[in-house]
Amino acid sequence: MTEKTSNYRETNIDELRHLVTGRALTGETMLLNMGPQHPSTHGVLRLLLELDGEIVLNCIPDIGFLHTGVEKNMESKTYQKAEVMTDRLDYLNNVGNNFVYCMAVEKLVDLDVPERAQAVRVILAELTRISSHLLWIGTSALDLAAMSVFMYAMREREMILDIMEMCSGQRMMTTYIRPGGLWRDVPAEFDGAVRNFVNIFPRRLDEYESMLTKNALFLERTVGIGPISQEDCIRYGITGPVLRASGRAFDLRKIRPYSGYEKYDFTVPTQTAGDVYARYLVRVQEMRESIKIIDQAINKLPGGPIRSSNRKFVPPPRSEIGVSMEALIHHFKLWTEGFPAPAESVYVTAESPRGEIGVFLEGDGGPKPWRIHYRTPSLLNLQVMPLITRNHFVADLVGIIGSLDVILGDSDR
Amino acid sequence: MDSRLQDVVNNLKARYSGVVREFRGEVTVLLEPEHLIPAFTCIKDEFGFDMLEAETAVDYWPQTSPRFHVVYQLYSMEKNIQLRIRVPLDGNAPTLPTIERIFPNANWHEREIWDMFGIRFDGHSDPRRLLMPADWQGHPLRKDYPLGYEEVQFDFNAEEIMVHKPRPEK
């Protein structure tokens, strides 16, 4: 066989010298590659581990395998068309991504959103939060060898995806929330389906809890594993369930209420331990709070329009186009040219299932965003991996990755 | 403007000759690069802005002066107020001091900005690319970087593509 020389440049140890201990260079400790095709890394996360036997001394995350250039792509599309890219970032929080993007556009161009649209947005965002947490509870328990929860969680998640499909025609990449409101009104069956879910879900949640919360094996694998202090969370910009599990009731739905969250009565669950188990408890409790919000929102769902009537930004309904010349012109201009936004910047945040998701949006006076940046919670959660995995077993690393609820599409963009 | 925010803004104006802009209730202060570190130390220690919410950059190509803005979004947990700092940078290969010692999470944000915009951060502890491969040429989020035209590499055409690919400097 002829020897084939590789054209690809490999990362060598010299470049990582500052990230590992001196013992790695003499071969006393072992450098082990984990991922990006490892089932417990929840996607394409690669970790370079420095191990002393079974103990993790250093953990160097290597991300970017799912980098798809979403920010660059969005710059070349009009504000309406760029929205479809946002579903694909954090694919478990697709509605939340649309939501925060639309809020940023609305703030930039100063667009109003009718009450009904705001309430439907809240219902869908909370359903998405539950569906994201369900996938998390299933997969992270699966990583710790609790097989059955996964099956149950997927069953309930399917109910949520059915509601999404009912509204938008898509199970996951919905793009249902649009700047100025919604794509169209919710169908007649929506009300019944959501109420059905609200009735069923709390009991199902008790089922999951009965399988995990007091399970000796689960406790053994989670209590005291991967703790992080409140101060470290704030220093590293970590928000969401991870911060709340270490004792700070920081929730953007309470702190900077948006889309009418101030009208709903719910509490922000916290724990103090900051370990994997505390994060589990916080997320389970969050699902119960989300159900409370959905219940209030569906009972008080106001009537009225689902889109802003500002024709300079929101296309007119189909029924108007046939009879009104202005409507036809607006429709044509909005779908060919798009709408212009001022050459200013805004930063808008929302609470995603993983923490604070922020959109930095800058216009240039034209119909396309000049710069859009997603501040994603997964990126910051991953950044503390070296800190919280130190001196844990390799087996516990799996539980820690699961408890941070990292979505690589979210961190790599 | 919130009176507590007004206090910070007045200080930045007086001490570091910051230029203040307000848009839809969001306050932005423009600072020159040489004031960056003292101003950030002051904002964190004296005014309690303890969290760096986001850090990113904007490219204004073909404009060259300033070509870039580095944008910092700061938040005070205690007072629940937000402040945005912008630092204009001239030229095609600018450098800026790192704020990693003040806000540790700037580490990855600055790696990403280096990766995507080619802005160097002086004194950074880990100046590698974050998202793109280590041997990547160019900085994708720059406005003069084309969108697309990267051929998808498979086993059967890998060698053919590598022939045309730019090589890293040895």
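In the text below, chain A, chain B and the rest are named by the order of the sequence lines, each starting its count at 1.
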- Message: When you compare the side chains of B:Glu26 and B:Gln82, does any donor N or O come within less than 3.5 Å of an acceptor on the partner?
- Response: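 No, B:Gln82 and B:Glu26 have no side-chain donor paired with an acceptor closer than 3.5 Å.
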- Does a side chain donor of either B:Tyr75 or B:Asn80 reach within less than 3.5 Å of an acceptor in the other side chain?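 Short answer, yes.
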- Task: Pick whichever of A:Pro342, A:Gly358, A:Ser345 has the most heavy-atom pairs under 4.5 Å with chain B.
- Result: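 Highest number of pairs under 4.5 Å: A:Ser345.
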- Message: For chain B, which candidate among A:Glu71, A:Arg256, A:Arg248 shows the most heavy-atom pairs at distances under 4.5 Å?
- Response: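 Of A:Glu71, A:Arg256, A:Arg248, A:Arg256 has the most heavy-atom pairs under 4.5 Å with chain B.
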Top contributor to chain A contacts, counting heavy-atom pairs under 4.5 Å, from [options]:
options: B:Phe23, B:Tyr60, B:Phe103; result: B:Phe23
options: B:Lys143, B:Met132, B:Gln73; result: B:Lys143
options: B:Ala54, B:Gly25, B:Pro104; result: B:Pro104
options: B:Met51, B:Arg24, B:Glu112, B:Met116; result: B:Arg24

- Task: Would you confirm whether the ring centroid of A:Phe339 sits within less than 6.0 angstrom of the ring centroid of A:Phe313?
- Result: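 Between A:Phe313 and A:Phe339, the centre distance is under 6.0 Å.
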Proximity breakdown for [X] and chain B, heavy-atom pairs closer than 4.5 Å:
X: A:Tyr347; value: both
X: A:Leu252; value: neither
X: A:Glu362; value: side chain
X: A:Asn73; value: both
X: A:Leu387; value: neither
X: A:Ile63; value: both
X: A:Ile238; value: backbone

- Atom pair CZ/CZ of A:Phe65 and A:Arg46 - distance to nearest 0.5 Å: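 The distance works out to 5.5 Å.
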- Query: Hey, what do you get for NE2 (A:His67) to CZ (B:Arg129), rounding to the nearest 0.5 Å?
  - Reply: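 It comes to 10.0 Å.
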- Query: Cation-pi between B:Arg142 and B:Trp61: NZ/CZ under 6.0 Å from ring centre and within 45° of the ring axis?
  - Reply: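 Geometry flag: not set, cation outside 6.0 Å or 45°.
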- Ring-face cation of B:Arg86 near B:Phe68 (centre distance under 6.0 Å, axis angle within 45°):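 That pair does not qualify as a cation-pi contact.
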- For A:Lys254, does the NZ atom sit with more than 12 other heavy atoms under 6.0 Å from it, leaving out its own atoms?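 Check passes, neighbour count above 12.
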Identify all side-chain donor-acceptor contacts of residues 28-44 of chain B below 3.5 Å with residues at least two apart in sequence or on another chain.
residue : atom : partner  : partner atom : Å
B:Thr41 : OG1  : B:Ile37  : O            : 2.6
B:Lys44 : NZ   : B:Ile102 : O            : 2.9

- Task: Name the region of B:Asp115, side chain, backbone, both or neither, that has any atom closer than 4.5 Å to a heavy atom of chain A.
- Result: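 The answer is neither part of B:Asp115.
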